[in-house]
There are 2 protein chains.
Amino acid sequence: MEEGTSKSPSHCEVTGTGADGADADPFQWDTREDCEVRQILDRIADKWSLLVIALLDRRKLRFTELRREIDGVSQRMLTVTLRQLERDGLVKRTVHPVVPPRVDYELTPLGATLHTTIRSLVTWTERHQNEIAAARAAYDAREAAQTDGAADTAGAARSVEPATAPV
Amino acid sequence: MEEGTSKSPSHCEVTGTGADGADADPFQWDTREDCEVRQILDRIADKWSLLVIALLDRRKLRFTELRREIDGVSQRMLTVTLRQLERDGLVKRTVHPVVPPRVDYELTPLGATLHTTIRSLVTWTERHQNEIAAARAAYDAREAAQTDGAADTAGAARSVEPATAPV
DNA sequence: CGGAATCCGATATGATACTG
DNA sequence: CAGTATCATATCGGATTCCG
């Protein structure tokens with residue numbers, strides 16, 4: 001990710017609708033790793049990219065402001081991330097040639113359309129964080145149980161069906 | 001990511017609506033890196049997790065099938081990813097105790113709700129991959145131009161505003 | 001077949017120092 | 001303030017091997 005994506009991603013077109021991608025079939029998509037969609041996906045689903053886009057909601061933010069809002073990001077990673085997003089046309093960078101340098105970042109129209117989707121991802125997470133926490137606790141409990149006491153008579157730790165026939 | 005998330009993430013509640021998260025204010029959310037939301041986000045926004053969830057749309061898939069569909073994933077990463085998703089309660093794993101082992105993976109109801117969101121992310125990418133490709137090309141062109149020939153008289157490579165006053 | 005465990009290299013990322 | 005450059009390394013993740 002560090003270096004520019006100078007590889008040559010095959011532009012694998014979707015086989016479905018003739019238009020401009022946007023297939024309706026949930027199954028019939030690429031998944032080839034050298035595919036452009038995969039590459040883009042890897043980028044926007046990036047830890048920091050996600051946060052940057054989520055935060056740049058209809059407002060400009062300065063470099064330092066972003067850095068302050070995104071707890072834990074290093075100056076370096078924020079820079080790199082912003083460059084990538086700028087390159088992908090998702091974020092617009094504006095430099096004010098003033099004495100103490102000032103740089104603003106904001107979403108481009110394209111970035112704004114993505115923002116909606118990202119936002120829904122964040123919302124989903126907020127909504128279900130409790131369920132996930134519960135699931136984790138349950139999983140860990142089972143895990144510990146079978147590692148520790150182990151070998152209980154009947155109840156298997158994970159879901160197992162009562163064998164029917166081999167493949 | 002390798003090890004179980006045995007850290008202690010602060011359960012940082014959203015300040016907004018009293019209910020169960022689902023805040024309406026796009027700004028007032030966590031961003032603290034030790035926050036649970038951030039951790040979950042990092043996981044589901046993971047390169048492989050994303051693909052697994054996207055692929056498991058209303059169907060069971062065996063380990064090998066998944067591996068075949070997700071080009072480029074190693075056995076190890078697929079296993080690790082599936083474990084995490086299972087732990088988070090997003091994927092259900094079913095072991096059939098037959099002679100050649102057979103394991104099926106499918107989304108849980110919770111996972112299904114996430115699938116919708118993930119899917120929209122994939123769709124967005126498919127729809128806009130051309131725009132992004134164009135943006136990249138443009139960016140790289142500018143970049144090369146100013147690195148190479150550089151120093152053109154007027155047109156600056158990046159967006160720069162004509163200075164008004166310092167901060 | 002599905003997976004666990006180990007080894008081990010690539011690299012993504014943080015910390016630090018320097019610059020305009 | 002907003003980077004860039006360099007260095008050190010923690011982590012990710014692939015290849016291999018062994019197992020039920």
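So you know, we letter chains A, B, ... as the sequences are listed, proteins then strands, and number each from 1.
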Practice task
Could you check which of D/dG20, D/dC1, C/dG14 has an atom nearest any side-chain atom of B/Pro101?
Solution key: D/dG20

Practice task
Say whether, by atom type as modelled, one donor and one acceptor occur between the side chain of B/Thr117 and the main chain of A/Ser120 under 3.5 angstrom.
Solution key: no

Completion exercise
Rounded to whole Å, CG of B/Asp46 lies from P of D/dT11 at a distance of 16 Å

Problem - Under 3.5 Å: donor-acceptor pair, side chain of A/Thr125, backbone of A/Leu121 - result: yes

Handout entry: Under 3.5 Å: donor-acceptor pair, side chain of B/Arg38, backbone of A/Asp71
Key = yes

Practice task
Considering just the side-chain nitrogens and oxygens of A/Arg93, establish if one lies under 4.0 Å of OP1 or OP2 belonging to D/dA2.
Solution key: no

Problem - Distance test, side-chain N/O of A/Arg83 to OP1/OP2 of D/dT4, below 4.0 Å - result: yes

Handout entry: A/Asp71 CG to C/dG14 C1', straight-line distance once rounded to whole Å
Key = 14 Å

Handout entry: Under 3.5 Å: donor-acceptor pair, side chain of A/Thr108, backbone of A/Leu90
Key = yes

Problem - Distance in angstrom units between A/Glu65 CD and D/dC1 P, rounded - result: 11 Å

Practice task
Would you mind reading off the distance between B/Asp42 atom CG and D/dT11 atom P, rounded to a whole angstrom?
Solution key: 14 Å

Exercise for the section: Can you tell me the distance, in whole Å, between the CG atom of A/Asp104 and the P atom of D/dC1? Expected result: 14 Å

Practice task
Answer yes when A/Arg62 and A/Asp104 have at least one side-chain N-carboxylate O distance shorter than 4.0 Å, and no when they do not.
Solution key: no

Handout entry: Integer-rounded Å distance: C/dT11 C1' and B/Lys47 NZ
Key = 12 Å

Fill in the blank from the handout: Winner on side-chain proximity to B/Met77, out of C/dG14, C/dG3, D/dG13, is D/dG13

Fill in the blank from the handout: Rounded to whole Å, the OH-P distance (B/Tyr105 to C/dC1) equals 15 Å

Problem - B/Trp48 side-chain proximity, nearest of D/dG20, D/dG14, D/dG3 - result: D/dG14

Exercise for the section: Indicate whether OP1 or OP2 belonging to D/dA2 is found under 4.0 Å from a side-chain N or O atom of A/Arg62. Expected result: yes

Exercise for the section: Using whole Å, report how far CD of B/Gln75 lies from C1' of C/dA4. Expected result: 9 Å

Completion exercise
Checking C/dA4, D/dT4, C/dC1 against the side chain of B/Pro100 (C-beta onward), the nearest is C/dC1

